[in-house]
Enquirer: 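Mind looking over this structure? Questions follow.
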Amino acid sequence: MTKVSYDWVAMFRKIGLIAILGVLGLGTRCVAEETARDYTTRAVQLVKEGKVNEAMEAFSKAVEMAPNDPMYRRNRSAMYAHLKQWDKAVPDYDVILKAQANDVVTLFNRGFALLQLGKLDDAEKDFDAVIQAKPDDENALRYRAFVYIEKKEPDKAIDDLTKLITAHPDDPQNYVTRAKVYAGSGKWQEAIDDYSKVLEKNPKDATALWARALAYLRTNNPAKELEDLNALIAANPKNLDAVKERGEAYRRAGEMDKAIADYTQALQLQTKDPALYAGRAFAELKKNDKTDALNDFNKAIELAPDNSDYYAGRAYISVTNGDAAKAVGDFNHLISLKPDNADLYVHRGDVYSKLKQWDQAAADYEKALSLDQNNYLALAGKGYVMGQKGNVRGGAELLQKALQQATDPDHKEEIRVMLRDIGVGPQL
């Protein structure tokens, strides 16, 4: 659930002050009423002394003494809220609202508590009631937006956040929240625009820079992504996430020397991250530095012995070094551990394919498809083997289908290479 907070302590202090003023300023009504005030006064003092449990007992005693006076339930519910005992606060809110149905403060408080309890529909109703009475209530708009986010209703959340931004265009938090909603909906350019608004006010906001960099990645804008990552690293050279992501960005851009430098820098900050060794290994492999790449793949596998991608990288080196048995052995071991993992059969099929052992490769691709019929890499492998065995038309059809299904740019290029390799150009 989205984490939200509210200054319940400040509210409680105000309520406590009201209770004390009630004791001092009002005349005697009845013994029970006067006793309830006494308990409340004692509870407020106990809170100031940090004696929370004793204070709660005193608040509850006040409610017992005067169960029909909403003030005492407001005191106790504020204390429950301060302690995050939302399930206990709600019944007090219910009693208050039976007596005072239009009490917008209690409606908001109950909506907030219900949000914390995950009762989203009920929370939404309370926030709706507050907004109907006070259309510009900022807290109600903000937390109703949180309800919409939890209910996967981004358009409604964006409407409420836009109202807040219109009322307070200089408040960066509303832009950040709306940007997150846009990002969660895949509206990356809108997210970038909102993070840019935040950065106009504070160009060094690390959270906004990082989020915008990742949004630029999603919009395939590597230059802008690198610009934000560079700013982050310039401000803090020990920002591990930024250094690591910049290494990935350089590798995607084909700048292997810079990628290797960043992976090396990141490894100085975090020596036990297998992904860093593997990333550097893949970059080294692109430079045909198989010796360093093999060392890094070995280290990555040592740290993450179940990661099939690392074995795939090492297998490629093994095959090109003439040690096919080593490559097949690696995947045999992984398959024995995870016999239902379709990707492992694809990887082993790829090794057999490189060795031109077409029957073994075909069997592995078929097995992968039996486990995952949507595995487009297995489909591509099957099509490639068919083409190599003479059925070019059938193989091309499968490869074209795999190309249409592929989502990763690198995979798409691999499939295009397969099509050219069997003598057919890609249709898209």
Side-chain angles (χ1 to χ4, degrees), residues 3-119 122-134 137-144 146-147:
K3 296 296 183 183
V4 292
S5 61
Y6 188 71
D7 192 355
W8 291 99
V9 180
M11 175 183 289
F12 169 72
R13 287 171 180 159
K14 292 178 183 178
I15 292 173
L17 180 60
I18 291 169
I20 293 172
L21 290 175
V23 173
L24 298 177
L26 297 177
T28 301
R29 293 182 182 179
C30 65
V31 174
E33 190 73 6
E34 199 65 46
T35 303
R37 293 196 192 100
D38 290 342
Y39 276 113
T40 298
T41 303
R42 185 186 310 166
V44 171
Q45 183 58 40
L46 288 167
V47 170
K48 293 178 180 177
E49 295 172 2
K51 298 176 181 178
V52 175
N53 293 333
E54 293 92 331
M56 182 57 75
E57 290 177 4
F59 280 128
S60 293
K61 197 67 178 176
V63 172
E64 291 178 16
M65 294 293 102
N68 296 320
D69 191 325
M71 180 178 70
Y72 300 110
R73 290 188 184 274
R74 286 193 182 94
N75 291 342
R76 185 170 70 175
S77 62
M79 193 66 189
Y80 281 138
H82 173 58
L83 297 174
K84 296 182 172 55
Q85 295 179 1
W86 310 111
D87 57 328
K88 295 180 180 179
V90 168
D92 275 347
Y93 297 140
D94 291 342
V95 173
I96 296 168
L97 288 167
K98 283 181 181 178
Q100 301 174 346
N102 296 321
D103 181 349
V104 292
V105 173
T106 301
L107 277 168
F108 173 82
N109 291 345
R110 186 174 69 177
F112 184 92
L114 291 165
L115 172 57
Q116 300 303 311
L117 292 169
K119 297 181 178 180
D122 291 335
E124 182 182 347
K125 290 176 183 177
D126 278 349
F127 293 138
D128 284 345
V130 174
I131 292 167
Q132 184 174 357
K134 298 174 64 179
D137 189 289
E138 295 175 21
N139 281 324
L141 283 168
R142 181 173 291 107
Y143 291 112
R144 188 173 68 174
F146 284 129
V147 170

Enquirer: Sequence neighbours left out, what passes side-chain contact (heavy atoms from CB on, under 4.5 Å) with Val95? Give chain and number order.
Expert: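 Val95: side-chain contact (heavy atoms from CB on, under 4.5 Å) contacts with Arg73.
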Enquirer: Can you tell me how far apart CG (Asp87) and OH (Tyr80) are? Round to the nearest 0.5 Å.
Expert: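 Reported value, rounded in 0.5 Å steps: 9.0 Å.
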Enquirer: As a quick check of understanding, evaluate side chain to side chain contact (heavy atoms under 4.5 Å, CB included) for Tyr72 and Asp69, giving each step before the final call.
Expert: CA-CA 6 Å; Tyr72 300 110; Asp69 191 325; 3.5 Å; yes
Enquirer: For residues 97-105, please give each side-chain donor-acceptor pair under 3.5 Å, one per line with the distance, not counting sequence neighbours.
Expert:
residue, atom, partner, partner atom, Å
Gln100, OE1, Arg74, NH2, 2.4
Asp103, OD1, Val105, N, 3.2
Asp103, OD1, Thr106, N, 3.2
Asp103, OD2, Arg74, NE, 3.4
Asp103, OD2, Arg74, NH2, 2.7
Asp103, OD2, Thr106, OG1, 2.8

Enquirer: When rounded to the nearest 0.5 angstrom, what is the spacing between CZ in Arg110 and CG in Asp94?
Expert: 5.0 Å
Enquirer: As an exercise, state the distance from CG of Asp137 to CG of Leu107, rounded to the nearest 0.5 Å.
Expert: 10.5 Å
Enquirer: Is any side-chain heavy atom of Val52 closer than 4.5 Å to a side-chain heavy atom of His82?
Expert: no
Enquirer: Passes side chain to side chain contact (heavy atoms under 4.5 Å, CB included), Trp86 versus Lys84? Steps please.
Expert: CA-CA 5 Å; Trp86 310 111; Lys84 296 182 172 55; 3.8 Å; yes
Enquirer: In a table with atom names and distances, give each donor-acceptor pair under 3.5 Å that connects a side chain of residues 57-67 to protein atoms at least two apart or in another chain.
Expert:
residue, atom, partner, partner atom, Å
Ser60, OG, Met56, O, 3.1
Ser60, OG, Arg76, NH1, 3.4

Enquirer: What verdict does the salt bridge (charged side-chain N to carboxylate O under 4.0 Å, His left out) test give for Lys119 and Asp122, after you've listed the backbone C-alpha separation in whole Å, the side-chain angles of each residue and the deciding distance to 0.1 Å?
Expert: CA-CA 6 Å; Lys119 297 181 178 180; Asp122 291 335; 5.9 Å; no
Enquirer: Parallel, tilted or perpendicular, judged at 30° and 60°: which one describes the rings of Phe108 and Phe127?
Expert: tilted
Enquirer: Does a sphere of radius 6.0 Å around CD in Gln85 hold more than 12 heavy atoms from other residues, nucleotides or ligands, not counting ones at 6.0 Å or beyond?
Expert: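 Buried by this count: over 12 neighbours within 6.0 Å.
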Enquirer: Which atom pair, heavy atoms only, marks the closest approach of Arg144 to Asp128?
Expert: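 Shortest heavy-atom contact: NH1-OD1, 2.8 Å.
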Enquirer: Look up atom CD in Glu124 and atom CZ in Phe146, then write down how far apart they are to the nearest 0.5 Å.
Expert: 15.0 Å
Enquirer: Got a second to check how far Leu141's CG is from Ile131's CD1, nearest 0.5 Å?
Expert: 4.5 Å
Enquirer: Roughly how far apart are Ser77 OG and Ile96 CD1, rounded to 0.5 Å?
Expert: 4.5 Å
